[in-house]
Amino acid sequence: MSLQETLAQQVKQAILTTFNLELETVEFQATRKEFAGDVTVVIFPMLRVVKGNPVQIGETIGAYLLENVDVVKAFNVVKGFLNIEISDSYYSNFFNGIKDETTYGFVSANLADKAVMVEYSSPNTNKPLHLGHVRNNLLGYSVAEILKASGKKVYKTQIINDRGIHICKSMLAWKRYGNRETPESTGLKGDKLVGNYYVKFDQEYKKEIETLMASGNTEEEAKKNAPLLLEAQNMLQKWEAGDEEVVALWKMMNSWVYKGFNESYKNLGVDFDTLYYESDTYILGKEFVTEGLKTGVFVQEADGSVWCDLTEDGLDKKIVQRSDGTAVYMTQDIGTAIQRIKDFPDVGGMVYTVGNEQDYHFQVLFLILKKLGFEWAKNLYHLSYGMVDLPSGKMKSREGTVVDADDLIDEMASTAGEISEELGKLDGYSDDEKEALYKTIGLGALKYYILKVDPKKRILFDPKESIDFQGNTGPFIQYTYARIQAILRKADFDVSVRIDIPLHIKEKELIKQLELFPEVIQNAASQHSPALIANYTYDLVKEFNSFYQNVSILGADNQEEKTFRVQLSNQVASTIKNAFSLLGIQVPERM
RNA sequence: GGGCUCUUAGCUCAGUUGGAUAGAGCACCUCCCUUCUAAGGAGGCGGUCGCAGGUUCGAAUCCUGCAGGGCUCACCA
């Protein structure tokens with residue numbers, strides 16, 4: 001039984017014996033720093049049941065607890081707050097119980113439970129990953145890790161948008177202007193090369209529009225009838241008809257992009273358990289459109305198009321199949337969801353990491369899947385996040401106004417390198433070790449910067465104002481970890497023994513902070529919020545730094561105290577490492 | 001116009017069952033390296049929690065209205 005459960009029970013008992021009244025719940029909070037005590041019982045809510053003066057009630061309960069609960073050492077009442085001091089022995093006991101756990105706070109998966117599939121990244125294959133994808137990838141990866149740590153079995157996946165007119169645009173531009181360039185011949189990453197042709201298409205397309213408008217066409221006509229666009233559309237038709245030449249080109253260029261993406265994913269430190277391709281799943285979606293027509297979930301119009309009427313649910317009518325019989329976005333998403341459950345029967349729910357511009361789309365998708373009668377449809381969650389905007393506005397790949405993911409990571413690493421060189425603490429490190437470290441720090445800064453804010457808030461990213469390395473940042477936390485490692489390297493004595501000694505106030509505060517971790521993981525999982533993990537870690541580290549500055553660890557007065565402080569530092573370091581692993585951030589041994 | 005969402009210090013953000021004098025970091029100003037890594041610590045400055053009502057013993061938090069920003073309402077994805 002946890003401390004809080006014990007106290008709650010005893011508080012209820014106190015009310016029962018003194019007032020002969022039954023209390024349903026007891027409200028707790030951590031005692032504020034300016035008051036003496038560790039745990040606070042809020043008296044006010046009890047007034048609904050127990051009539052009387054809150055201070056007197058508090059005194060009565062306090063006296064009862066002091067009498068009947070061993071670990072209650074003292075109490076005081078301020079207004080309607082009963083502050084309870086808990087004995088050191090409780091915290092010592094708690095700490096000794098966790099000090100050897102290397103994955104303290106993590107719950108191992110119960111394989112009998114249903115698994116969760118987390119989808120993230122899901123790029124188009126016509127351009128490289130940019131800062132927006134970075135937020136998506138970090139969020140998705142982190143939420144997957146958090147769910148795992150909370151005791152769920154998790155599959156990470158993505159849906160690769162590998163077909164469509166936008167893909168044909170870069171294919172066409174390459175065919176026309178590419179001179180048979182390849183990643184090998186140019187030394188460019190495959191996704192970058194293909195992305196360049198996507199931009200090239202847009203430039204040439206715009207020129208054609210201008211020419212057409214100059215010869216008397218309206219803008220609308222020009223956009224519709226530009227030869228390049230018509231040719232791209234023609235290419236799409238050929239692709240769908242299985243034209244050998246087009247399909248071969250498609251395969252070749254996509255393979256370049258995948259190779260490039262894999263490098264970027266490796267660079268970012270994210271991975272996937274299984275992949276889905278849009279070109280594979282839209283067919284299944286169409287089968288279920290037919291199915292839904294039979295069961296009356298969908299309705300067919302005179303022109304042949306198929307719709308789902310959601311007006312009774314407060315939404316609109318939504319098209320699920322065009323009049324020419326081809327699939328739309330919704331169709332393939334229906335197909336993909338169903339395909340996944342077929343492939344992984346143990347999956348009982350899914351998390352979709354997709355920007356908030358698609359809130360409505362997912363609301364509709366989930367509702368349609370429910371109407372189609374899938375019982376897992378109630379366990380679908382859209383992990384919606386705000387866009388990453390630049391001061392100049394939205395990022396647009398076509399116009400080249402994007403912050404490229406690979407470039408950004410490189411810049412962060414080189415900034416970390418500059419700071420590091422200046423501080424000059426890395427004697428004895430080889431150049432390779434240094435490079436690896438700079439990347440760890442740079443990525444740490446970037447990932448923490450993005451993950452510490454609530455996913456649903458939008459982020460304004462100013463490339464000119466570099467990401468901080470001080471204060472509430474990734475490197476600050478990594479630094480604390482590195483400092484602890486330095487101590488652990490020097491502690492050449494046996495730290496495996498159990499120590500029970502009176503606690504320094506800073507030690508007690510640290511243990512209290514550690515005590516919160518398991519609950520933080522559960523909350524972060526149920527709310528799909530890495531920000532909770534980031535903020536918790538920051539609080540833990542601040543608490544540790546205060547401890548570090550206030551007491552000497554290796555210079556403690558006696559061996560017992562020294563041992564205990566090393567044990568405590570070790571568990572803090574391990575918790576930092578584990579918490580950061582949930583954010584996909586590595587921790588360095590030195591920095 | 002309808003729907004969803006955001007608004008807390010000069011800037012970036014915490015603040016989750018409604019609870020004590022609303023907290024951090026950055027920036028600015030003081031102090032602390034002959035002591036375990038100063039990417040650190042201690043302190044100062046800085047707030048009508050967008051505005052107005054309401055519910056409550058108690059509201060940044062819940063409800064209503066309003067204002068401002070973002071997204072969305074395609075036979076695009």
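Just so it is clear, the structure is predicted and the values come from calculations on it, not from any experiment. Only heavy atoms go into these numbers, but all of them, side chains included; no hydrogens, no water, no symmetry mates. Letters go in sequence order (proteins before strands), and every chain restarts at 1.
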Rounded to whole angstroms, how far apart are [atom1] on [X] and [atom2] on [N]?
| X | N | atom1 | atom2 | value |
| --- | --- | --- | --- | --- |
| A/I467 | B/rC13 | CD1 | P | 12 Å |
| A/Q549 | B/rG43 | CD | P | 12 Å |
| A/F493 | B/rC36 | CZ | P | 15 Å |
| A/Y536 | B/rG15 | OH | C1' | 17 Å |
| A/I441 | B/rG40 | CD1 | P | 12 Å |
| A/I484 | B/rC36 | CD1 | P | 16 Å |
| A/K452 | B/rC13 | NZ | C1' | 6 Å |
| A/E34 | B/rG19 | CD | C1' | 13 Å |

Per-nucleotide protein contact along nucleotides 70-77 of chain B, 5' to 3', at a 4.0 Å heavy-atom cut-off (B base, S sugar-phosphate only, - neither), is -SSS-BSB

Checking contacts here: which listed nucleotide ([options]) is nearest the side-chain heavy atoms of [X]?
| X | options | value |
| --- | --- | --- |
| A/F44 | B/rC57, B/rU21, B/rC36 | B/rC57 |
| A/N545 | B/rC6, B/rG41, B/rC57 | B/rG41 |
| A/E27 | B/rG19, B/rG23, B/rC36 | B/rG19 |
| A/F469 | B/rA14, B/rC36, B/rA39 | B/rA39 |
| A/L532 | B/rU16, B/rA20, B/rG40 | B/rU16 |

Mind checking whether A/I467 and A/T473 have side chains closer than 4.5 Å, heavy atoms only? no

Under 4.0 angstrom between [X] side-chain N/O and [N] OP1 or OP2:
| X | N | result |
| --- | --- | --- |
| A/K457 | B/rG69 | no |
| A/R483 | B/rA39 | no |
| A/Y449 | B/rC13 | no |
| A/N535 | B/rA14 | no |
| A/R565 | B/rC36 | no |
| A/T473 | B/rA39 | no |

Using the [atom1] atom as the point on both nucleotides, what is the distance between [M] and [N], in whole Å?
| N | M | atom1 | answer |
| --- | --- | --- | --- |
| B/rC6 | B/rC32 | P | 46 Å |
| B/rC29 | B/rG68 | C1' | 35 Å |
| B/rG46 | B/rG65 | P | 38 Å |

Which base sits across from [N] as a Watson-Crick or G-U pair, both distances under 3.5 Å?
| N | result |
| --- | --- |
| B/rA38 | none |
| B/rC26 | B/rG10 |
| B/rG65 | B/rC51 |
| B/rC57 | B/rG19 |
| B/rC33 | none |

Classify the nucleic acid contact of [X] as base, sugar-phosphate or nothing, counting any heavy atom under 4.0 Å across all strands shown.
| X | value |
| --- | --- |
| A/L47 | nothing |
| A/N83 | base |
| A/T25 | nothing |
| A/Y448 | nothing |
| A/Q29 | base |
| A/P54 | nothing |
| A/Q478 | nothing |
| A/D454 | sugar-phosphate |
| A/V520 | nothing |

Practice item. Check whether the side chain of A/S546 and the base of B/rA42 form a donor-acceptor pair under 3.5 Å. Key: no

| query | So, does the side chain of A/K425 form a donor-acceptor pair with the base of B/rU37 at under 3.5 Å? | reply | yes

A/K286 meets the side chain to side chain contact (heavy atoms under 4.5 Å, CB included) criterion, sequence neighbours left out, with A/Y282, A/Q321, A/A327, A/T331

| message | Check for me: is A/Y479 stacked on B/rG40 by the 5.5 Å centroid and 30° plane-angle rule? | response | no

Compare the ring of A/F81 with the six-membered ring in the base of B/rA20 and state whether they stack (centres under 5.5 Å, planes under 30°). yes

* Parallel, tilted or perpendicular: ring planes of A/F362 versus A/Y352, cut at 30 and 60 degrees -> tilted

Distance-only donor-acceptor check, side chains [X] and [Y], under 3.5 Å:
| X | Y | value |
| --- | --- | --- |
| A/D359 | A/S384 | yes |
| A/S526 | A/Q522 | no |
| A/R458 | A/N356 | no |
| A/H361 | A/D333 | yes |

Assigned chi class of B/rC33 under the 90° convention is syn

Whichever of A/A531 and A/R590 has the more 5' nearest nucleotide on RNA chain B, that residue is A/A531

On RNA chain B, more 5' by nearest nucleotide between A/R32 and A/N523 is A/N523

Establish, yes or no, whether a centroid distance under 6.0 Å links the rings of A/Y198 and A/F201.
no

*Would A/Y538 and A/Y448 count as a close aromatic pair, with their ring centres under 6.0 Å?*
no

Would you sort out whether A/V143 and A/T353 count as a side chain to side chain contact (heavy atoms under 4.5 Å, CB included), showing the intermediate values? CA-CA 9 Å; A/V143 166; A/T353 313; 5.9 Å; no

Minimal heavy-atom distance between A/F366 and A/H382, with the atoms involved, is CE1-N, 3.6 Å

